[in-house]
Number of protein chains: 2
Amino acid sequence: MGRFADDLIASMKQAAAHARGRKVRGLRVSVVEAPDVRAIRRKLRMSQHRFAAAFRIPLPTLKNWEQGRRQPDAPAAAYLLAIKRRPKEIMEAVKG
Amino acid sequence: MGRFADDLIASMKQAAAHARGRKVRGLRVSVVEAPDVRAIRRKLRMSQHRFAAAFRIPLPTLKNWEQGRRQPDAPAAAYLLAIKRRPKEIMEAVKG
DNA sequence: CAAGTCTATGCGCCAATGGCGTCTACGTAC
DNA sequence: GTACGTAGACGCCATTGGCGCATAGACTTG
């Protein structure tokens with residue numbers, strides 16, 4: 001299987017997990033839809049490593065999100081939304 | 001005591017908590033210094049309620065941070081850093 | 001003065017996440 | 001072949017996220 005197939009599978013797992021339980025933290029429901037981290041990253045053409053470094057997200061955490069093993073909590077979801085919409089500005093803002 | 005004295009006390013509590021244990025999550029140390037949330041918010045002249053809403057941070061979470069009861073995790077710290085440096089852009093980015 | 005509103009502190013509670021390490025697997029290049 | 005970089009999978013623990021409720025000032029209004 002190629003990369004795309006793997007991605008599809010991963011996405012489906014995420015979708016399944018997403019549809020299954022919408023609880024995010026403390027039994028509640030998230031207000032902001034957690035953006036698709038991988039899609040955002042791929043769009044920026046960055047490896048997990050670089051993406052994590054650029055936005056100061058611990059690599060294991062990013063992996064957890066992309067693999068659907070963990071769900072970004074509310075502040076993280078907001079952060080990702082901001083990254084999605086203004087990647088360059090955010091990258092600049094958190095640099096150095 | 002006035003508002004400023006209260007703020008000072010709160011800040012000192014935070015400072016104490018900060019100096020005491022530098023662990024952030026999973027026994028490790030944070031790379032990004034967690035910005036002073038209250039300072040950022042005050043600078044924007046927003047109430048906790050509005051600040052939380054504007055940046056999609058759950059109000060209780062914001063309170064925990066400001067009271068020094070909890071420490072923003074790495075992604076949250078990065079988010080706060082971004083907010084500190086480009087408040088308006090971020091606010092715009094996560095709006096709607 | 002009292003009543004109501006807004007703002008913020010303090011704290012208990014639970015499940016979920018953050019964060020790390022390790023192992024495995026795939027591709028490409030040397 | 002071997003080395004390297006990227007990424008998926010999973011175990012583990014302490015800490016946080018997230019909520020609710022009670023309390024306490026400050027400011028306005030009746």
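Letters A, B, ... mirror the listed sequences (proteins, then strands); counts begin at 1.
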- Could you state the interatomic distance from CG (B:L80) to NZ (B:K84), rounded to the nearest 0.5 Å? 10.0 Å
In whole Å, what is the span from the [atom1] atom of [X] to the [atom2] atom of [N]?
X     : N      : atom1 : atom2 : value
B:F51 : C:dT7  : CZ    : P     : 15 Å
B:W65 : D:dT15 : CH2   : P     : 18 Å
B:I57 : D:dC19 : CD1   : C1'   : 17 Å
B:Q67 : D:dT16 : CD    : C1'   : 15 Å

- Message: Does B:R41 reach a base, just sugar-phosphate, or nothing at all? Heavy atoms under 4.0 Å.
- Response: sugar-phosphate
- Reckon B:P60 touches a base, only the sugar-phosphate, or nothing at all at heavy-atom distances under 4.0 Å? base
- Item | Under 3.5 Å donor-acceptor pair, A:R69 side-chain atoms to D:dG11 base atoms | yes
With respect to the phosphate group of [N], does any side-chain polar atom (N or O) of [X] fall under 4.0 Å of OP1 or OP2?
X     : N      : result
A:R70 : D:dT16 : no
A:Q48 : D:dG8  : yes
A:R38 : D:dG8  : yes

Closest heavy-atom pair and its distance - [X], [Y]:
X     : Y     : answer
B:A78 : A:Y79 : CB-OH, 3.5 Å
B:A93 : A:A82 : CB-CA, 4.1 Å
A:M46 : A:A54 : CE-CB, 3.6 Å

Between [options], spot the one nearest the side chain of [X], thanks.
X     : options                : value
B:T61 : D:dG18, C:dG19, C:dG10 : D:dG18
B:K63 : C:dA8, D:dG18, D:dT16  : C:dA8
B:D73 : D:dG8, D:dG18, D:dT16  : D:dT16

